Amino acid sequence: MTNAIEIRGLTKKYKDFTLGGITEDIPCGFASALIGANGAGKTTLIDTLCGVTAKTSGDALYFGSKTDTDDPELRNMIGYCSSANLFPQDWRLKTIAEASELAFDNFDRERYTKLCKRLKLGDPADKGQKKLYKMSDGNKMRAYLAAVLARDTRLLVLDEPASSLDPLARDLLCELFREYLTERDGERTVLFSTHNIADMEFATDYAIFMANGKTVERGFVEDLKEKYILVHGDAKDVSRAKPHLLSCVSNRTSFEGIAYAGSAETLEGFDCAVETPTLQQLSVGILRKAEEDGEDNDNYGGKG
Amino acid sequence: MTITAERVNMNNNSDNNPTYAQALKIYTGRSPLRSVVTSAGIAAAAFGFVVLYVGGLTLLMGEKHTNVDILELCLVMLSASALAAPRTLQTFTRSTPGGKFFRTVKGGFETFRKMRAAMLAETLLMIAVYYLLAAGAAALDLLPLKYGVMSCAAGAVNTVFAVGLGNICLCLKKGIVRITTATLTMMIAAVLSVTITESFSAGSLRTVFIIMIVTDAVLIPLSHRIMINDYRKNHWDN
């Protein structure tokens, strides 16, 4: 398996935040999700990978050979979409198309028009089109997605693309990801960030969990689901089960937590129910554990 | 949706960086022609306002050359400065809308540099249109400026000077400090116009005027360069 990006010790330091020594591989041909709480460093990592923010140290190797985000060829290969205000807010759909045609060699106007219609934004050429600042947050994001998907890129990097979308639009976004990846099977990659994976689970092949500026776990979703188990049981059993749990939440009657799959037999012996977790449940468990561990969690879990 | 061979080939055509006009359009969404027409239109409209205002004032005062010379000149100069300020002081940082997108476009920083140069040209064009109209009106005695066309020439060189100072003000990090300093700078430059125009009548016309033109010729490219280098160091590469 080849990697779209190989990140080695990537660091970005701000006065009040440090994205610390990220070392990860983003597999080529799949949709990878960066999952983490607000302030975990997802946006900083995405911006640094796309050359939007300069890195402090470390390297990233793109498509096996490219390292410079100023390389015109690499710029053309990456489609970047920020979470808000991607374009000046007095622009209309038509302005986005006109500027994008000049800004990128691989922008396809016809495809953009089709995507705008499919995303329920109407025809960009219509005279009644609103300016971005008059659109809802959801429609703004649809416009940004249409613009970035209208380019013939090899890597899509999207910061919180789903957070402002309604459930139907999220579903469509998952569909668009699938189409993007299958159009050129194995050659294209999607990397997106989210703090709520529930609606994007269908579109996620690979997940990277982030907390406090560091990555804390990663792996293909299917592998992670084999590596971890979801455990729940009666409150009376929580004290026996807790040493085997990675993270746990309990109330007066019951508890729920995640554990390594290797502990399944032991936990079942404590009358606990063991299930395969969803990605959402895994996220909650892993991020809760990372939060508890504070900043000394960069080696947690190991490679999945 | 299928990928056409043509579209795949477009990837290879990646070293053709945008022209100055294209860079301006990428950043502002305005076509160069529309930009020039808009600039000229704004300048003409602003000038029309000044003519009406001064005309009305003169009508009220009952005579042409009253004690309103200073006010007239300030009005003329301030209007031009106010026209030049928005373009000169417009910032394109990561936190402003579009700021992140602009960092991913073809040509990268070179496109930003070209856009800035095009925007400067646009500003200078607007100043030229404004003062050419003013000079024409002064020559036809529509605008009762005390020193006529020379007042307009002084206004033009000082507004260009103010644009140069505005470029340097852009290097100030804090937004509020930047805007306050730039506004004050442009106002002072307008008042300076009045002072210089006054000095014309004292016989120092040629010297002052030549000094100002030379200063402008040096300041504009220099301040532009300072601003571009500062932006690269403190915003783009940061």
Side-chain angles (χ1 to χ4, degrees), chain A residues 14 43 46-47 50-54 69-92 94-96 98-108 110-111 114-115 118 132-133 144 147-154 157 159 179-180 183-184 187, chain B residues 1-35 86 90-112 114-115 118 173 232-238:
Chain A
Y14 290 110
T43 299
I46 279 180
D47 286 356
C50 293
V52 170
T53 300
T69 48
D70 270 341
D71 179 343
E73 208 178 328
L74 185 57
R75 274 181 192 278
N76 257 338
M77 288 177 174
I78 301 175
Y80 166 81
C81 180
S82 62
S83 58
N85 295 338
L86 180 63
F87 299 110
Q89 296 298 289
D90 60 339
W91 285 15
R92 293 184 165 89
K94 193 181 162 196
T95 327
I96 292 173
E98 288 168 353
S100 296
E101 265 181 337
L102 296 171
F104 306 105
D105 291 325
N106 52 9
F107 182 82
D108 184 334
E110 200 181 316
R111 188 187 177 104
K114 281 182 188 166
L115 281 162
R118 198 168 161 196
L132 287 173
Y133 68 81
Y144 305 159
V148 74
L149 285 163
R151 290 175 53 206
D152 181 20
T153 54
R154 280 188 64 187
V157 186
D159 189 11
E179 284 176 20
Y180 176 83
E183 236 175 30
R184 282 205 263 157
E187 284 183 32
Chain B
M1 285 179 239
T2 55
I3 306 297
T4 61
E6 190 187 338
R7 235 192 293 144
V8 173
N9 284 339
M10 282 193 289
N11 277 333
N12 300 326
N13 185 27
S14 54
D15 54 350
N16 52 341
N17 284 345
T19 62
Y20 286 84
Q22 287 172 337
L24 184 68
K25 176 137 189 171
I26 289 170
Y27 271 77
T28 65
R30 295 192 302 264
S31 71
L33 180 66
R34 197 181 129 205
S35 210
Q90 190 170 357
T91 50
F92 296 91
T93 62
R94 260 191 301 274
S95 55
T96 54
K100 289 185 174 184
F101 167 74
F102 298 139
R103 277 167 171 72
T104 67
V105 301
K106 191 163 64 174
F109 185 76
E110 184 61 12
T111 303
F112 172 81
K114 285 180 178 173
M115 176 278 298
K173 277 185 183 171
R232 170 136 219 173
K233 188 181 164 197
N234 293 314
H235 296 282
W236 195 275
D237 290 341
N238 198 354

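Reminder, nothing fancy here: chain letters follow the sequence lines and each chain counts from 1. Predicted model, so just to flag it, every value in this text is computed and none were measured.
Counting only distance, with no hydrogens or angles, the side chain of Arg75(A) and the backbone of Val105(B) share a donor-acceptor pair below 3.5 Å. Between the side chain of Arg103(B) and the main chain of Asp47(A), no donor-acceptor pair closer than 3.5 Å is present.
With sequence neighbours left out, the salt bridge (Lys or Arg N to Asp or Glu O under 4.0 Å) criterion links Arg92(A) to no other residue. Checked against side chain to side chain donor-acceptor pair (under 3.5 Å), Arg34(B) has no partners two or more places apart in sequence or in another chain. Scored by the side chain to side chain donor-acceptor pair (under 3.5 Å) test, Asn85(A) finds Gln89(A) as partners (sequence neighbours excluded).
Between the CD atom in Glu101(A) and the CD atom in Gln22(B) there is a gap of 10.5 Å [rounded to 0.5 Å]. Rounding to the nearest 0.5 angstrom, the gap separating the SG atom in Cys50(A) from the NZ atom in Lys100(B) is 10.0 Å. Taking CH2 of Trp91(A) as the start and OG1 of Thr28(B) as the end, the distance is 7.5 Å to the nearest 0.5 Å. Note that OG of Ser100(A) is 4.5 Å distant from CZ of Phe101(B), once rounded to the nearest 0.5 Å.
The part of Phe102(B) that comes within reach of chain A is its side chain, from C-beta onward, which places non-hydrogen atoms under 4.5 angstrom from that chain. Both the backbone and the side chain of Thr53(A) come within less than 4.5 Å of a heavy atom of chain B. Contacts of Thr111(B) with chain A are absent, with no heavy-atom separation under 4.5 Å from either backbone or side chain. Heavy atoms of Tyr80(A) lying under 4.5 Å from chain B belong exclusively to its side chain.
Interface summary for chain B: among Ala99(A), Cys81(A), Ser82(A), Ala103(A), the most heavy-atom pairs under 4.5 angstrom belong to Ala103(A).
Residues Ile78(A) and Thr104(B) have side chains not in contact (no heavy-atom distance under 4.5 Å, counting atoms from C-beta outward).
Closest approach of Asp237(B) and Ala54(A) over heavy atoms only: O-CB, 3.4 Å. Taking both residues in full, the closest heavy atoms of Leu102(A) and Lys25(B) are given as CD1-CG, 3.6 Å, listed atom of the first, atom of the second, then distance.
Among the residues in residues 90-99 of chain B, those with a non-hydrogen atom closer than 4.5 angstrom to a non-hydrogen atom of chain A are Arg94(B), Pro97(B), Gly98(B).
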